[in-house]
Amino acid sequence: MPSTSGPAPSGRLPACPDEGAADAAPSAAARPDGYRAVFAVPEFRSVFAAHLLSSLGVVVCEIALSVLVFRITASPLLSALTFALGLLPYVVGGTLLSAVADRYPARRVLVGCDLLCALAAAGMVAPGTPVVVLLVLRCVLAAIAPVFAGTRAATLGEILGEGELFVLGRSVIRIVNQSAQLAGFAAGGLLLTVVSPAAVLALTAGAFLGSALLLRLGTLARPARDGAPGADRGALLAASLGGARLLLADRRVRALLLLTWLPPAFVVIPEALLVPYAGLLGTGPAGMGLLMCSMPIGAVLAESLVGTFLGPRARTRLTFPMGVFAVLPSLGFAAQPSLGWAVLLLALTGTGISYNFGVDRWFVAAVPDALLGRAMTVMQAGRMTVMGLAMGLAGAAAEYAPLRVVMPAAGVLGAVCVLAVIFEVRRTEPGPDRTFPGPDRTSPRPGARTGRAGGPDRKMRRG
């Protein structure tokens with residue numbers, strides 16, 4: 001186990017840094033060698049390797065389970081349902097279990113989540129498992145996912161500090177997510193040509209166990225962020241719902257959550273309709289595969305280039321333009337483009353992911369320390385839930401309207417909604433008279449992070 005967690009937390013950066021502050025900061029502190037500095041932290045390397053294993057495991061599991069369910073039932077609906085169940089139960093874990101991320105030590109939560117996922121995957125392997133049980137186990141994986149993701153995101157602030165290393169660390173996690181889609185689908189398809197779906201699911205269980213081992217041995221044991229005594233914490237469900245209410249009651253946090261959720265919700269609409277669109281073009285499986293890969297490729301390229309070549313101020317200034325741009329390429333589907341142009345539109349859509357650099361910075365500055373795990377869990381759960389709902393609504397709309405109407409309509413509606421949210425984010429920029437609603441959080445708690453002056457971090461924002 002590493003003896004140090006890397007750079008000490010440097011205190012929260014301003015939620016919306018001004019031009020002068022960014023220029024005045026020493027260049028070495030503002031741009032600490034980019035991604036190389038992130039990977040120089042031993043704990044982060046363990047988190048990265050564990051996330052890579054578990055992400056590949058999830059994608060391969062989805063493919064293998066979908067094939068297994070189809071072989072058992074011969075039902076396209078039930079086979080497709082295995083993918084939908086990877087999104088919709090997020091709201092359950094993210095809403096009812098979010099307090100777990102703050103109430104218990106992060107390493108214990110992360111390792112426990114991986115072990116539960118390994119058990120769920122192992123349960124899918126058992127011969128003769130009924131389809132309903134397979135689908136329930138898939139829901140278990142999806143309910144655990146937001147708790148795991150929120151805990152990991154919050155603990156990155158303790159591993160990397162909450163400055164630019166945190167922002168770049170979150171960027172690496174997003175790159176892994178997008179890359180896992182590409183590599184996982186390819187690996188899953190290849191594995192299923194030589195072994196049974198049950199054998200692939202067994203490998204998935206092994207991937208989760210490997211992730212748990214990496215996190216257990218490669219990260220430090222830290223106290224829980226919620227330092228209140230057990231008697232003062234209340235029931236887990238009440239703490240989870242209460243934390244969500246506190247977060248949504250804050251105007252700044254609410255606006256940033258919407259900015260996190262809305263662009264992906266509209267971006268996935270053309271992606272959800274790619275199978276029928278490929279059929280409309282008559283491209284065959286190869287063309288459909290190319291369409292499906294286009295958006296993740298654009299996302300990985302944009303995320304890598306922006307994180308490598310742009311500094312903190314430039315990345316922050318891209319937030320609003322890229323948030324709007326992400327939903328605009330779908331307007332091009334009004335012309336029913338050919339395969340090549342459709343691939344280009346989807347790749348351009350993927351580049352919009354770079355708007356997250358600024359949102360990550362602002363969000364972690366807007367949330368109290370004691371609620372950070374719950375906030376990250378709610379953020380992740382909300383994003384996946386609205387994406388799942390958007391996919392379902394897009395499919396329903398495509399039953400009654402042609403694709404060349406539904407896909408660009410998502411771009412128009414998305415641009416209007418994102419612009420409205422951006423206006424709200426601008427209106428809630430932090431000032432000296434804006435405080436988080438709820439009990440006073442200015443007194444230090446056990447293990448609390450401190451600001452540059454060594455005192456408790458007093459984050460001010462509008463209620």
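This is a predicted model, so every value here is computed, not measured. Heads up: numbering here begins at 1 and tracks the sequence. Heavy atoms only: backbone and side chains are in, while hydrogens, waters and symmetry mates are out.
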**Student:** Is Arg254 reaching over with its side chain to a backbone N or O of Leu248, donor-acceptor style, under 3.5 angstrom?
**Tutor:** yes
**Student:** Got a donor-acceptor contact below 3.5 angstrom from the Ser46 side chain to the Leu215 backbone?
**Tutor:**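 No: the side chain of Ser46 does not pair with the backbone of Leu215.
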**Student:** Identify the two heavy atoms, one from Gly414 and one from Val327, that lie closest to each other, and give their separation to 0.1 Å.
**Tutor:** C-CG2, 3.8 Å
**Student:** What closest approach, in Å, do Val425 and Arg252 show between heavy atoms, and which atom pair accounts for it?
**Tutor:**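 Looking at all heavy atoms of both residues, the closest pair is O-NH1, 2.9 Å.
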**Student:** Verify side-chain contact (heavy atoms from CB on, under 4.5 Å) between Phe357 and Val306, making sure each step is shown before the conclusion.
**Tutor:** CA-CA 9 Å; Phe357 282 101; Val306 170; 3.6 Å; yes
**Student:** Side chain of Ser304, backbone of Leu301: donor and acceptor closer than 3.5 Å?
**Tutor:** no
**Student:** Using every non-hydrogen atom in the two residues, find where Glu424 and Ala255 come nearest and quote the distance to one decimal.
**Tutor:**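 Between these two residues, the closest heavy atoms are CG-CB, 3.6 Å.
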**Student:** Do Arg216 and Leu115 come close enough that some side-chain heavy atom pair is under 4.5 Å?
**Tutor:**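 Not in contact.
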**Student:** Is Thr155 reaching over with its side chain to a backbone N or O of Thr151, donor-acceptor style, under 3.5 angstrom?
**Tutor:**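 Answer holds: no.
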**Student:** Ignoring hydrogens, what is the shortest heavy-atom contact between Ala326 and Pro329? Give both atom names and the distance.
**Tutor:** O-CD, 3.6 Å
**Student:** For Thr316, is there any backbone N or O sitting under 3.5 Å from a side-chain donor or acceptor partner on Thr319?
**Tutor:**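 Present.
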**Student:** How about Val60 and Leu203: do any of their side-chain heavy atoms sit closer than 4.5 Å?
**Tutor:**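 SC-SC contact between Val60 and Leu203 ruled out.
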**Student:** Nearest 0.5 angstrom please: Trp341 CH2 to Leu346 CG, how far?
**Tutor:**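 One finds 13.5 Å between CH2 of Trp341 and CG of Leu346.
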**Student:** Atom CE in Met292, atom CD in Glu271: separation rounded to 0.5 Å?
**Tutor:** 6.0 Å
**Student:** Shortest non-hydrogen contact from Trp261 to Val378?
**Tutor:**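 Scanning both residues, the minimum pair turns out to be CZ2-O, 3.7 Å.
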**Student:** Taking the side chain as C-beta and beyond, is there a heavy-atom pair between Cys417 and Val421 under 4.5 Å?
**Tutor:** no
**Student:** Passes side-chain contact (heavy atoms from CB on, under 4.5 Å), Arg361 versus Arg315? Steps please.
**Tutor:** CA-CA 10 Å; Arg361 180 187 185 112; Arg315 292 197 299 263; over 6 Å; no
**Student:** Taking atom CZ of Arg108 as the centre, report whether more than 12 heavy atoms of other residues, nucleotides or ligands fall under 6.0 Å from it.
**Tutor:**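 Incorrect, the count does not exceed 12.
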**Student:** Would Asp114 and Leu110 count as a side-chain contact (heavy atoms from CB on, under 4.5 Å) here? Give the steps.
**Tutor:** CA-CA 6 Å; Asp114 268 335; Leu110 295 174; 5.8 Å; no
**Student:** Would a distance-only check, ignoring hydrogens and angles, find a side-chain to backbone donor-acceptor pair under 3.5 Å from Thr377 to Gly373?
**Tutor:**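 Between the backbone of Gly373 and the side chain of Thr377 there is a qualifying donor-acceptor contact (under 3.5 Å).
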**Student:** In Å, rounded to the nearest 0.5 Å, how long is the span from CD1 of Ile144 to CG of Leu141?
**Tutor:** 6.5 Å
**Student:** Tell me whether Tyr104 contacts the main-chain N or O of Ala99 through its side chain, where contact means a donor paired with an acceptor under 3.5 Å.
**Tutor:**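 Pair absent, no side-chain N/O of Tyr104 close to backbone of Ala99.
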**Student:** Answer yes or no: is there a side-chain heavy-atom contact under 4.5 Å between Phe44 and Leu156?
**Tutor:**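 Side chain of Phe44 against side chain of Leu156, heavy atoms only: contact under 4.5 Å found.
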**Student:** So do Asn177 and Ser55 actually touch side chain to side chain, heavy atoms under 4.5 Å?
**Tutor:**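 Ser55 vs Asn177: side chains touch.
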**Student:** Can a donor-acceptor pair be found, under 3.5 Å and without considering hydrogens, that links the side chain of Arg107 to the backbone of Thr219?
**Tutor:**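 Yes.
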**Student:** Quick one: pull up CG in Leu310 and OG in Ser354 and give me the separation to the nearest 0.5 Å.
**Tutor:**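 Leu310 CG to Ser354 OG: 8.5 Å, rounded to 0.5 Å.
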**Student:** For Ser66 and Ile63, indicate whether the former's side chain and the latter's backbone hold a donor-acceptor pair under 3.5 Å.
**Tutor:** no
**Student:** Say you draw a straight line from CD1 of Ile173 to CG of Leu168; how long is it, rounded to the nearest 0.5 Å?
**Tutor:** 12.0 Å
**Student:** Between Ser171 and Tyr35, is there a side-chain donor-acceptor contact under 3.5 Å, judged purely by atom types and distance?
**Tutor:** yes
**Student:** Quick one: CZ on Phe208 to CG on Leu56, what's the gap to the nearest 0.5 Å?
**Tutor:**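 CG of Leu56 is found 10.5 Å from CZ of Phe208.
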**Student:** Below 4.5 Å, heavy atoms only, C-beta onward: do Asn356 and Arg170 meet side chain to side chain?
**Tutor:**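 SC-SC contact between Asn356 and Arg170 ruled out.
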**Student:** Any idea which heavy atoms bring Val267 and Thr349 closest together, and the distance?
**Tutor:** CG1-CG2, 3.5 Å
**Student:** For the side-chain contact (heavy atoms from CB on, under 4.5 Å) test, which of Leu257, Leu372, Leu259 pairs with Phe363?
**Tutor:** Leu257
**Student:** Below 4.5 Å, heavy atoms only, C-beta onward: do Gln380 and Met376 meet side chain to side chain?
**Tutor:** no
**Student:** Less than 4.5 Å apart, any side-chain heavy atom of Glu303 and any of Gln178?
**Tutor:** no
**Student:** Between Arg138 and Glu62, is the side-chain contact (heavy atoms from CB on, under 4.5 Å) condition met? List the steps.
**Tutor:** CA-CA 8 Å; Arg138 181 67 188 97; Glu62 288 178 343; 2.8 Å; yes
